[in-house]
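One structure is given here, and the rest of the page talks about it.
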2 protein chains.
Amino acid sequence: MRYTILIMLKVIPYTEQQIKIARYAKAMAHPARVYILKYLENCCGCFAGNIVDELPMAQSTVSQHLKELKEAGLIQGTIEPPKVKYCINKDNWEEAKALFKDYF
Amino acid sequence: MRYTILIMLKVIPYTEQQIKIARYAKAMAHPARVYILKYLENCCGCFAGNIVDELPMAQSTVSQHLKELKEAGLIQGTIEPPKVKYCINKDNWEEAKALFKDYF
DNA sequence: TAATTTAATCGTATATTTGCGATATACTAT
DNA sequence: ATAGTATATCGCAAATATACGATTAAATTA
């Protein structure tokens with residue numbers, strides 16, 4: 001007796017662009033982070049403390065949001081003891097902009 | 001004796017736009033959903049089953065992602081028994097596009 | 001009427017996110 | 001040295017997200 005085995009393969013279909021868009025979108029998926037990014041665009045080189053003052057949440061929570069934006073590559077921090085100055089990461093910000101523009 | 005009471009109020013600072021951007025970004029924060037939106041842009045009026053076939057995940061999981069996109073307002077489904085035809089929600093898609101364009 | 005098809009929903013498990021207070025760290029000023 | 005300042009990190013709780021298989025619902029076909 002003969003058997004025919006049919007194997008259906010589903011390959012992960014996402015393009016690099018789609019994965020990046022999802023990652024950037026995730027970074028922007030909270031109003032506080034949307035706010036921070038806009039704030040830093042106008043006020044590049046401000047300190048973490050300034051952002052904490054703007055937002056209705058605890059210092060530790062803001063720090064966490066900053067960390068997420070940093071890990072997503074959208075911002076970067078430079079230490080100016082005892083403060084930390086934050087800026088938009090221009091390269092990645094431009095990349096995100098381009099990705100979303102192409103996508104929409 | 002007299003007391004002066006200083007009350008510091010932090011008002012939720014987010015604009016409507018920022019809240020909407022966060023909501024749309026959240027909807028796009030998973031590669032499968034980024035994929036689905038793009039797929040529906042090219043193939044408006046395709047069925048849920050077609051999307052399931054494209055994606056490396058269970059039918060129930062795809063259904064959940066579709067639900068999220070629907071709840072975010074980015075897609076809409078019309079029943080054509082026993083199938084469901086999905087489409088981009090043009091109004092909201094255009095709104096999202098405009099919001100992100102302004103934002104970046 | 002019974003079986004099939006298509007998609008949504010339910011129940012569940014696990015992982016991630018969000019938020020907070022407390023604590024740690026790393027400098028500065030007294 | 002001690003106290004103060006600015007920020008990050010830890011530990012925890014609650015909420016939300018992700019994924020799956022099983023079941024349900026609604027219409028169609030046999």
Side-chain angles (χ1 to χ4, degrees), chain A residues 8 10-14 18-19 21-37 39-40 43 45-72 74-87, chain B residues 8 10-14 18-19 21-37 39-40 43 45-72 74-87:
Chain A
M8 297 278 289
K10 275 190 185 184
V11 178
I12 295 165
Y14 316 127
Q18 287 168 342
I19 291 168
I21 286 173
R23 194 158 54 232
Y24 284 133
K26 196 170 190 176
M28 296 171 62
H30 191 292
R33 296 197 292 270
V34 174
Y35 183 93
I36 290 169
L37 288 170
Y39 186 80
L40 286 181
C43 165
C46 79
F47 298 109
N50 303 130
I51 299 169
V52 172
D53 292 340
E54 296 285 324
L55 292 174
M57 39 178 58
Q59 178 267 324
S60 59
T61 307
V62 173
S63 188
Q64 235 174 271
H65 283 301
L66 289 169
K67 190 183 179 187
E68 278 181 70
L69 288 171
K70 216 179 348 176
E71 281 170 359
L74 288 174
I75 67 172
Q76 58 202 115
T78 41
I79 299 167
E80 294 191 9
K83 301 190 182 184
V84 177
K85 188 195 272 180
Y86 278 99
C87 268
Chain B
M8 297 277 292
K10 274 191 186 183
V11 177
I12 296 166
Y14 315 127
Q18 286 166 343
I19 291 169
I21 286 173
R23 196 159 52 231
Y24 285 132
K26 198 170 189 174
M28 297 170 61
H30 191 290
R33 296 196 293 270
V34 174
Y35 183 93
I36 291 169
L37 288 170
Y39 186 80
L40 287 182
C43 165
C46 78
F47 297 109
N50 302 131
I51 300 169
V52 171
D53 292 340
E54 295 286 322
L55 291 173
M57 42 179 59
Q59 177 267 325
S60 60
T61 307
V62 174
S63 187
Q64 235 175 273
H65 284 302
L66 290 169
K67 189 182 178 188
E68 278 182 71
L69 289 171
K70 216 178 350 177
E71 281 171 359
L74 288 174
I75 67 172
Q76 57 201 114
T78 42
I79 299 169
E80 293 191 11
K83 301 189 181 184
V84 177
K85 187 195 272 180
Y86 277 99
C87 266

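Quantities reported herein were computed from a predicted structural model and do not represent experimental measurements. All chains are named by letter (A, B, ...) in the order of the sequence lines, taking the proteins before the strands, and each is independently numbered beginning at 1.
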Could you check whether any side-chain heavy atom of [X] comes within less than 4.5 Å of a side-chain heavy atom of [Y], counting everything from C-beta outward?
{"X": "A:Leu55", "Y": "A:Thr61", "result": "no"}
{"X": "A:Pro82", "Y": "A:Phe47", "result": "no"}
{"X": "B:Leu69", "Y": "B:His65", "result": "no"}
{"X": "A:His30", "Y": "A:Glu68", "result": "no"}
{"X": "A:Leu40", "Y": "A:Ile51", "result": "yes"}
{"X": "B:Ser63", "Y": "B:Gln59", "result": "yes"}

Rounded to whole Å, how long is the line connecting atom [atom1] of [X] with atom [atom2] of [N]?
{"X": "A:Ile51", "N": "D:dA6", "atom1": "CD1", "atom2": "C1'", "result": "13 Å"}
{"X": "B:Lys67", "N": "D:dA19", "atom1": "NZ", "atom2": "P", "result": "16 Å"}
{"X": "A:Leu69", "N": "D:dA8", "atom1": "CG", "atom2": "C1'", "result": "15 Å"}
{"X": "A:Phe47", "N": "D:dA8", "atom1": "CZ", "atom2": "P", "result": "12 Å"}
{"X": "B:Leu66", "N": "C:dT6", "atom1": "CG", "atom2": "P", "result": "16 Å"}
{"X": "B:Lys83", "N": "C:dT6", "atom1": "NZ", "atom2": "C1'", "result": "8 Å"}
{"X": "B:Glu71", "N": "D:dA17", "atom1": "CD", "atom2": "C1'", "result": "13 Å"}

Checklist entry - Can you tell me if the side-chain N/O atoms of B:Tyr86 get under 4.0 Å from OP1 or OP2 in C:dA8? => result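 Looking at the OP1 and OP2 atoms of C:dA8, one of them is under 4.0 Å from a side-chain N or O of B:Tyr86.
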Next on the checklist: Return the NZ to NZ distance between A:Lys26 and B:Lys26, rounded to the nearest 0.5 Å.
Outcome noted: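 That separation rounds to 11.0 Å.
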Checklist entry - Measuring from B:Ile75:CD1 to B:Arg33:CZ, what's the distance to the nearest 0.5 Å? => result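 Taking CD1 in B:Ile75 and CZ in B:Arg33, the distance rounds to 10.5 Å.
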Item to check | Residues in side-chain hydrogen bond (donor to acceptor under 3.5 Å, both in side chains) contact with B:Tyr39, at least two apart in sequence or another chain | outcome: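 side-chain hydrogen bond (donor to acceptor under 3.5 Å, both in side chains) list for B:Tyr39, sorted by chain: empty.
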Using a cutoff of under 3.5 Å, can you pull out all pairs of nitrogen or oxygen atoms linking the protein to nucleotides 17-22 of chain C, with atom names and distances?
unit_1 : atom_1 : unit_2  : atom_2 : d
C:dT17 : OP1    : A:Lys26 : NZ     : 3.1
C:dT18 : OP2    : A:Arg33 : NH1    : 2.8
C:dT18 : OP2    : A:Arg33 : NH2    : 3.4
C:dT18 : OP2    : A:Glu68 : OE1    : 3.4
C:dT18 : OP2    : A:Glu68 : OE2    : 3.4
C:dG19 : OP1    : A:His30 : NE2    : 3.3
C:dG19 : OP2    : A:His30 : NE2    : 3.1
C:dG19 : OP2    : A:His65 : NE2    : 2.6
C:dC20 : OP2    : A:Ala58 : N      : 2.8
C:dC20 : OP2    : A:Thr61 : OG1    : 2.9
C:dC20 : N4     : A:Gln64 : OE1    : 3.3
C:dG21 : N7     : A:Ser60 : OG     : 3.3
C:dG21 : O6     : A:Ser60 : OG     : 3.2

Distances under 3.5 Å only, N/O to N/O: pair up the protein atoms with those of nucleotides 26-30 of chain D.
none

